[in-house]
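Reading through the structure tokens given below for one structure.
The shown structure was predicted, so the numbers you read here are calculated from the model rather than taken from an experiment. Chain A is the first sequence line, chain B the second, and so forth, proteins listed ahead of strands; every chain is numbered from 1. Below, each value reflects all heavy atoms present in this structure, side chains not excepted, and no hydrogens, waters or symmetry copies.
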Protein chains: 2
Amino acid sequence: MPRPAPKVSDQPDQDSGTSQHDRRSQAMRARICRAAIACLDRYGYAETSFARVQEKAGVSRGAITHHFPSKQALVAATALVLLSKALEPARNRDSSDAPMPVHALILASWDSVVNSAGGRAMVEILSACRSDRALHALLADKLHDWDRQSRRSITRHYVGTDAEDAELLWSIARSFLRGLILHEQFTADPAYLGRMVERFARMMETQLHLRPPG
Amino acid sequence: MPRPAPKVSDQPDQDSGTSQHDRRSQAMRARICRAAIACLDRYGYAETSFARVQEKAGVSRGAITHHFPSKQALVAATALVLLSKALEPARNRDSSDAPMPVHALILASWDSVVNSAGGRAMVEILSACRSDRALHALLADKLHDWDRQSRRSITRHYVGTDAEDAELLWSIARSFLRGLILHEQFTADPAYLGRMVERFARMMETQLHLRPPG
DNA sequence: ACTTACAAACAGAACGTTCGGTCTGTAAAC
DNA sequence: GTTTACAGACCGAACGTTCTGTTTGTAAGT
């Protein structure tokens, strides 16, 4: 028995990243995913090709195909990066800091999550999931998990009219903000989107409230 | 002066369709667009190719390229078909019939407009407009016109807290319903979407009301 | 400590397929 | 007889994927 079996999983272990191989590898993956986000935002899922990502990231073709066996695998990995980012605004309020008021939470979600390169890339990915079976197979479970996590995170700090109302309302808010990205095609005035967010936040704070302490 | 100049506009005149040529032509265009809607729904914008539409419509390649010089032109024409359909639920209430209550209006918009093959196709088109410059050029003005028309149609029958509030709220509702199409990727339970629509409608009817008669 | 073995990390050429667009040919309407 | 409405072959480009090198880190044997 000469040596240990080579790593099979493409999901790196918790304690990996210590060796030079792993560190280089992770850095390359992150670099490629960052380029993929930019391409998804600018060109959309269909026009996001290996060639485009390769150019944007400044890496070789082989580097991409080595880490991601297919286009779907690349986009799925990129989606996981985006999802973990999208959980942060709620997560950093979990422990010591006080949660934001509903109005501020919605405005912040729009400004720093949905209406950003990452947010627009995520819309592209969700849209692609509808028709790309391979992508759907790679992402469906992860999206369901993330959704559960997001809803649980909200009910910890906010309440509606009953127990499950808060998560229902927050799902509504997420849907609205996502739809707003597409609404940009209907109006030439970008400020109108801001007015919509503001009005929506005003409506939401009549239904969703900070959970009273204790 | 031998004959009138050949048709240039892809928008048929009001009084056309009388000759056999025109009737056949319009029927073919409608047939192709109907197939395009099905393809956009099932395969998405990127995978909606001439070959797919050709197969779905049961026509030759030449028939498509004859009526639509480019893929973008085909999709743009399809979008116009969908937009005119999406205006109907509000339009048939314009004259004799009484407008629907807010709650019913939202549920009806979801069931018969957004959550249908046409509604999902429209989401694909709006998403594609973000990155496809040629498609954007063909559709931007039409979308802006449609948006104005939709907002005007709403303010005729509904009121919010002030003059422009109703159209703001209706734009919000449209964005939410659109975003809901993409939310389907987050939950394995399709009934959850229905609960979201119901809850949203309940929230909306506290802000948007039927215009009092007179 | 030095060699050897080997797998992972790239690099880049090559592949077959499919795409959107064009181009020629034919039949029917006007 | 001229134009329109199709039919279908054809083309170059771009796509995702696969393949064959080359380099590099690292652990095992000596």
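The side chain of B:His67 places no N or O atom within less than 4.0 Å of a non-bridging phosphate oxygen (OP1 or OP2) of D:dA5. Residue A:Ser60 places no side-chain N or O under 4.0 Å from the OP1 or OP2 atom of C:dG12. An OP1 or OP2 oxygen of C:dC10 is reached within less than 4.0 angstrom by no side-chain nitrogen or oxygen of A:His66.
Cation-pi geometry between A:Arg120 and A:Tyr45 is not met: the NZ or CZ atom fails to fall both under 6.0 Å from the ring centre and inside 45° of the normal.
Taking CG of A:Leu82 as the start and SG of A:Cys33 as the end, the distance is 8.5 Å to the nearest 0.5 Å. A distance of 6.5 Å separates CZ of B:Arg199 from CD1 of A:Ile172, quoted to the nearest 0.5 Å. If you take OG on A:Ser153 and CD on A:Glu167, they are separated by 11.5 Å, rounding to the nearest 0.5 Å.
Looking at residues two or more places apart in sequence or on another chain, you find a ring-ring contact (aromatic ring centres under 6.0 Å, His included) between B:Phe186 and A:Trp146, B:His183. For the salt bridge (charged side-chain N to carboxylate O under 4.0 Å, His left out) test, no residue two or more places apart in sequence or in another chain qualifies with B:Arg152. With sequence neighbours excluded, no residue forms a salt bridge (charged side-chain N to carboxylate O under 4.0 Å, His left out) with B:Arg178.
Between A:Glu198 and A:His103, the side chains place a donor N or O and an acceptor N or O closer than 3.5 Å (distance only, hydrogens not considered).
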Task: Letter per nucleotide, 5' to 3', of nucleotides 15-21 of chain D [B base touched, S only sugar-phosphate touched, - untouched; heavy atoms, 4.0 Å] - done: SBBB---
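Separating the CZ atom of A:Phe68 from the P atom of C:dC10 is a distance of 11 Å, rounded to the nearest angstrom. Spacing between atom CE of A:Met28 and atom C1' of D:dG25 amounts to 15 Å, rounded to whole angstrom units. At whole-Å resolution of the value, OH in B:Tyr43 and C1' in C:dT18 are 15 Å apart. At whole-Å resolution of the value, CG in B:Leu74 and P in C:dC19 are 14 Å apart. Rounded to whole angstrom, the span from the CG atom of B:Asp132 across to the P atom of C:dC19 amounts to 16 Å. Taking atom CD1 of A:Ile64 as the reference point, atom P of C:dA9 lies 15 Å away to the nearest angstrom.
When the local axes at the two ends of the helix from C:dA1-D:dT30 to C:dC30-D:dG1 are compared, using 5 base pairs at each end, they differ in direction by 10° after rounding to 10°.
The stretch residues 56-71 of chain A participates, sequence neighbours left out, in no salt bridge (Lys or Arg N to Asp or Glu O under 4.0 Å) pair at all.
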